[in-house]
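No hydrogens, no waters, no symmetry mates; every other heavy atom, side chains included, goes into these values.
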Amino acid sequence: MSTWKVRSECTPRCAAHAAPRVPFTETARRCAAFARAAGRALRDGERMAEPARLRAHARAVLASVGVRLVVEAARDGVGLAVPYGAGSAVPRGADATPASQARPGTLVVANHISWLDIPALLAVEPVTLLAKREVGDWPLVGTLARRAGTRFIDRTGPRQLPTAVAGLADLLRSGRSVAAFPQATTWCSVAHGAFRRATFQAALDAGAPVRPVTIAYEQLGMPSTVAGFLGDEEFLSSVRRVVGARGLTVRVTVHPPLLPHPGAHDRRTLAALARAAVSRTVREPVRYAPGACRVGAAPAPDQALGTYL
């Protein structure tokens, strides 16, 4: 089983505006709104982890920095993807979990670009987040993450990995749905970064479905890397760039679930299928953000979406 410790080839230089910045007065207003949104979440204390409150706080954070959220269902699936009724965590039929047993949660896996990925996911469906241990030590962000119920993992060495995988499998068996970023670090666009396999072993061990999700950013309809939180960049530096971005949209595309069959599929297969699903919506744009890495555009909207749990 490979370690989760990964270093991205992307740097803060990959992050660039694809549209003119908003005026300074709007930037200042957004900074104040962001501080108020964070303050309200902190004042909620342990109640912040309640699903309705968590979703509301996540949406408030996005709105405070001028980020529009678009959620859509993918038009097609890949590999093991089998559609099922909205709200169901396992397929119906002979392989469904008996009523006497707890239904496993869903492992939600997404590509990773920005710190905005987290409120974007939570604004769609509150889940337990999986994050590296270092996040818990970050000022403000660490406190918010802990109160949101985030589970932290130690990625310092391969010896820590079996314990982390076992803990994740236990969470899924208990019926809790968990969101993870199997790229293990951030990249400037959807098209970059491989999926590490360890999290998928937890889904196999727990008999849990895997839900691939694509996160992409646009400015005024153009693919943009401005939201990227990359390399050794400081958190406040990324926040300053985001609050100055004009017409920023985060597009969350939810794909059909991958429903693995024990003995027939392994973590390598699941990781490859999930990565294929996440990148399937990507096409190379005609134009690129000035000075930025190549990024992928998102598909057409107007797709109805139910819960992905």
How about [X] and [Y]: do any of their side-chain heavy atoms sit closer than 4.5 Å?
{"X": "Leu69", "Y": "Val250", "value": "yes"}
{"X": "Ser114", "Y": "Asp117", "value": "yes"}
{"X": "Tyr217", "Y": "Val226", "value": "no"}
{"X": "Val61", "Y": "Leu122", "value": "no"}
{"X": "Glu72", "Y": "Val254", "value": "no"}
{"X": "Pro212", "Y": "Leu258", "value": "yes"}
{"X": "Asn111", "Y": "Thr214", "value": "yes"}
{"X": "Phe34", "Y": "Val242", "value": "no"}

For the student: nearest non-hydrogen atoms of [X] and [Y], plus distance:
{"X": "His255", "Y": "Val278", "value": "NE2-CA, 3.9 Å"}
{"X": "Ala206", "Y": "Leu172", "value": "CB-CB, 3.7 Å"}
{"X": "Ala198", "Y": "Val165", "value": "O-CG2, 3.7 Å"}
{"X": "Ala58", "Y": "Pro119", "value": "CB-O, 3.4 Å"}
{"X": "Thr11", "Y": "Leu230", "value": "O-CD1, 3.4 Å"}
{"X": "Thr185", "Y": "His112", "value": "O-CB, 3.5 Å"}

Polar side-chain atom of [X] near backbone of [Y] as donor-acceptor pair, under 3.5 Å:
{"X": "Thr225", "Y": "Ala16", "answer": "yes"}
{"X": "Ser174", "Y": "Leu171", "answer": "yes"}
{"X": "Gln201", "Y": "Arg267", "answer": "no"}
{"X": "Ser177", "Y": "Val127", "answer": "no"}
{"X": "Arg246", "Y": "Pro20", "answer": "yes"}
{"X": "Arg176", "Y": "Gly105", "answer": "no"}
{"X": "Arg275", "Y": "Phe195", "answer": "no"}

Joint cluster assignment, [X] & [Y], ILVMFWY side-chain distance < 4.5 Å:
{"X": "Leu236", "Y": "Val67", "answer": "yes"}
{"X": "Val22", "Y": "Leu220", "answer": "no"}
{"X": "Trp115", "Y": "Leu42", "answer": "yes"}

Side chain to side chain contact (heavy atoms under 4.5 Å, CB included) with Leu168: which of Thr163, Asp205, Thr128, Leu130? Leu130
Nearest 0.5 Å, please: how far is [atom2] in [Y] from [atom1] in [X]?
{"X": "Phe24", "Y": "Arg29", "atom1": "CZ", "atom2": "CZ", "value": "13.5 Å"}
{"X": "Ser64", "Y": "Arg59", "atom1": "OG", "atom2": "CZ", "value": "14.5 Å"}
{"X": "Ser237", "Y": "Asp232", "atom1": "OG", "atom2": "CG", "value": "11.5 Å"}
{"X": "Ile113", "Y": "Cys10", "atom1": "CD1", "atom2": "SG", "value": "9.5 Å"}
{"X": "Leu121", "Y": "Phe181", "atom1": "CG", "atom2": "CZ", "value": "5.0 Å"}
{"X": "Met48", "Y": "Arg146", "atom1": "CE", "atom2": "CZ", "value": "11.0 Å"}

Between the side chains of Glu125 and Arg211, is the shortest nitrogen-to-carboxylate-oxygen separation below 4.0 Å, so that they form an ion pair? no
Salt bridge (Lys or Arg N to Asp or Glu O under 4.0 Å) against Arg147, all qualifying residues, sequence neighbours excluded: none
